[in-house]
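A note on names: the letters A, B, ... follow the listed sequences, proteins ahead of strands, and every chain is numbered from 1.
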Protein chains: 2
Amino acid sequence: MSLRYAILGTLSTSASSGYDLARQFGLGLGWFWSASHSQIYPELRRLEDAGLIEGSVTTVGEKLEKRVYAITPTGLDELVAWVSQPPQYRPNRDPERIQLIFSDLAGAESVRRHLEAHVEYYVRRRDQVRQTRDLISAGKHARVQLRVAGRSPAEHAFTLLLREIAYDGDVERAELEIAWAQRALRALDEYERRYRSQGEPVANAAETV
Amino acid sequence: MSLRYAILGTLSTSASSGYDLARQFGLGLGWFWSASHSQIYPELRRLEDAGLIEGSVTTVGEKLEKRVYAITPTGLDELVAWVSQPPQYRPNRDPERIQLIFSDLAGAESVRRHLEAHVEYYVRRRDQVRQTRDLISAGKHARVQLRVAGRSPAEHAFTLLLREIAYDGDVERAELEIAWAQRALRALDEYERRYRSQGEPVANAAETV
DNA sequence: CCGACCATGTAATATGTTACATGATTGT
DNA sequence: ACAATCATGTAACATATTACATGGTCGG
């Protein structure tokens with residue numbers, strides 16, 4: 001059900017078209033939730049049928065139709081009820097870790113490549129999230145500006161605080177992943193020093209029997 | 001496709017029934033991959049049709065049938081090819097963060113409850129993962145013992161190393177989440193001190209207009 | 001005029017959850 | 001006997017990915 005609330009949340013900042021939402025889920029918000037347009041358009045219809053949002057058709061240029069959806073009071077109630085719920089932790093699915101723990105079949109070089117790619121991915125991610133976080137702190141993030149427009153200083157500060165907490169957490173996660181992978185690479189070096197040229201992959205051994 | 005490889009990986013340690021796999025995915029391995037029996041049984045059939053595993057029927061007691069699946073050489077090749085691939089990072093979906101960033105609509109008390117639940121969840125998780133990690137390091141983890149049985153000291157050490165790296169990473173992630181949430185709780189205290197009784201939820205304000 | 005982008009949809013397939021369904025074994 | 005656990009499946013539904021499909025606008 002989270003797609004539904006990710007959409008409602010975005011619309012609680014400003015009315016948007018499906019296309020806009022798809023872009024949001026690909027940019028800043030994409031670190032926390034992503035969805036493709038093929039998932040968004042049908043969901044918007046369902047939300048409208050449920051009375052949680054209301055669409056209006058506008059035209060761009062001469063003929064190009066655009067449906068802009070706004071959240072309704074009912075929709076806002078639903079959203080508030082959802083965010084107030086205790087978090088529900090879903091079962092974990094971590095393909096990278098599965099790859100890693102079964103990589104004893106593939107050997108140290110494969111693990112090294114895996115960990116190096118891990119560092120690379122999270123360095124990029126950390127930098128991008130940090131950039132967004134800094135924009136927010138500086139009060140220059142367009143959508144956050146939109147969200148706090150017309151609110152009291154206390155509300156303004158509260159919105160900013162929550163965003164900073166969320167983005168900081170993501171930056172820290174990325175930093176952890178980088179540090180972890182680098183430590184793992186050093187442990188791998190240590191392993192190779194100790195067992196030089198004896199660490200052949202198990203599967204190769206099996207294949208050559 | 002990861003369910004497929006999570007199963008192949010588990011079977012590369014020892015032949016198992018669907019029921020056994022479902023249990024594995026609920027226990028230790030469940031931190032990295034989980035699946036329910038209704039997903040496992042059909043997947044086992046598909047893996048068998050693809051020639052990656054081979055099932056044999058045994059009987060428990062008088063009548064109770066049990067299908068035990070073993071990985072085939074083709075299956076092992078497939079698994080090795082998969083773990084050797086660079087990691088493929090899937091789009092993020094983090095319902096808790098979505099809840100948090102839109103919680104400016106619900107107020108500080110709601111956020112406090114959210115963060116406290118977060119700490120509670122990750123403390124439990126950290127303790128459980130750490131326990132498993134310690135079992136592995138001590139050489140007392142039954143399935144890891146099974147996996148390294150008959151291997152050279154170098155291979156043995158390599159398997160152990162990878163498991164330690166993986167489980168350590170999960171413990172560290174949990175510790176990060178705990179520290180992050182506790183810091184966020186302090187920041188929330190600070191906020192409340194500063195804006196005492198002005199921090200009413202935005203949605204309440206909207207409702208009472 | 002043409003390429004990048006705006007804009008909205010559907011279809012087929014893959015993946016994952018919850019509920020329904022059945023029956024045997026083991027230990028107390 | 002009875003409860004907990006072993007053991008295997010299907011069905012309905014929800015969620016997510018990839019591919020197919022169409023056409024308009026805007027700036028250079």
Worksheet entry | Interatomic distance, A:L27 CG vs C:dC6 P [rounded to whole Å] | 10 Å
Practice prompt. Only pairs at least two apart or in different chains count here, so list each salt bridge (Lys or Arg N to Asp or Glu O under 4.0 Å) that has a residue in residues 136-148 of chain B.
Written response: A:D104-B:R147
Practice prompt. Round to a whole Å and report the spacing from CZ of A:R90 to P of C:dT17.
Written response: 7 Å
Fill in: Atom-to-atom span, CD1 of A:I7 to P of D:dA16 - whole angstrom
11 Å
Discussion item. Mind checking if A:R23 touches a base, just sugar-phosphate, or nothing, with heavy atoms under 4.0 Å?
Written reply: sugar-phosphate
Worksheet item: Tell me the side-chain hydrogen bond (donor to acceptor under 3.5 Å, both in side chains) pairs involving residues 35-49 of chain B, sequence neighbours left out?
Response: B:R4-B:E43, B:S36-B:S38, B:E43-B:R46
Discussion item. Does anything in residues 95-103 of chain B come within less than 4.0 Å of DNA chain C? Heavy atoms only, and list the residues if so.
Written reply: none
Item to complete: Please report, rounded to the nearest Å, how far the C1' atom of D:dC26 is from the NZ atom of A:K66.
Response: 14 Å
Worksheet entry | Basic-acidic side-chain contact under 4.0 Å: B:R183, A:D168 | no
Worksheet item: Does B:V148 offer a backbone N or O that forms a donor-acceptor pair with the side chain of B:T159 under 3.5 Å?
Response: no
Fill in: Aromatic plane relationship, A:Y5 with A:W82 - under 30° parallel, 30 to 60° tilted, over 60° perpendicular
parallel
Enumerate donor-acceptor pairs with a distance under 3.5 Å from any side-chain N or O in residues 55-66 of chain A to protein atoms, sequence neighbours excluded.
residue, atom, partner, partner atom, Å
A:T58, OG1, A:K66, O, 3.4

Worksheet entry | Where at least one partner belongs to residues 82-100 of chain B, residue pairs that pass salt bridge (Lys or Arg N to Asp or Glu O under 4.0 Å), sequence neighbours excluded | A:R173-B:D94
Worksheet entry | Positions of residues 38-51 of chain A (non-hydrogen atom under 4.0 Å from DNA chain C), listed by number | A:S38, A:Y41, A:R45
Practice prompt. Please state how far atom CG in B:L3 lies from atom P in C:dT13, giving the value in whole angstrom units.
Written response: 20 Å
Response to the item:
In whole angstroms, the gap separating C1' of C:dT17 from OH of A:Y89 amounts to 20 Å
Discussion item. Suppose the criterion is side-chain hydrogen bond (donor to acceptor under 3.5 Å, both in side chains): which pairs have a residue in residues 106-117 of chain A, not counting sequence neighbours?
Written reply: A:R112-A:D189, A:R112-A:E192
Worksheet entry | Spacing of B:I53 atom CD1 and B:T74 atom OG1 [to the nearest 0.5 Å] | 12.0 Å
Worksheet item: Between D:dT18, D:dT15, D:dT8, which one does the side chain of A:S36 approach most closely?
Response: D:dT18
Practice prompt. Pull out every residue in residues 14-21 of chain B that has a heavy atom closer than 4.0 Å to any atom of DNA chain D, ordered by number, or say none.
Written response: B:S17, B:G18, B:Y19
Item to complete: Scan nucleotides 20-28 of chain C nucleotide by nucleotide, 5' to 3', and note B when protein non-hydrogen atoms come under 4.0 Å of the base, S if they reach only the sugar-phosphate, - if neither.
Response: ---BSS---
Worksheet item: Does B:F32 have its ring centroid less than 6.0 Å away from the ring centroid of B:Y167?
Response: yes
Item to complete: Under the ring pair (Phe, Tyr, Trp, His ring centres under 6.0 Å) rule, collect the residues that match up with B:W31, sequence neighbours excluded.
Response: none
Practice prompt. Could you tell me which residues satisfy ring pair (Phe, Tyr, Trp, His ring centres under 6.0 Å) with B:Y69, sequence neighbours excluded, listed by chain and number?
Written response: none
Worksheet, complete the sentence: Taken to the nearest whole Å, CZ/B:F25 to P/C:dT17 is 12 Å
Worksheet entry | Results of ring pair (Phe, Tyr, Trp, His ring centres under 6.0 Å) for B:F102 - residues two or more places apart only | none
Practice prompt. Write down the distance between CD (A:Q88) and P (D:dT15), rounded to a whole number of angstrom.
Written response: 13 Å
Item to complete: Indicate whether any N or O donor in one side chain lies under 3.5 Å from an N or O acceptor in the other, for A:Y121 and A:E177.
Response: no
Fill in: Under-4.0 Å side-chain N/O to phosphate OP1/OP2 contact, A:R93 with C:dG16
yes
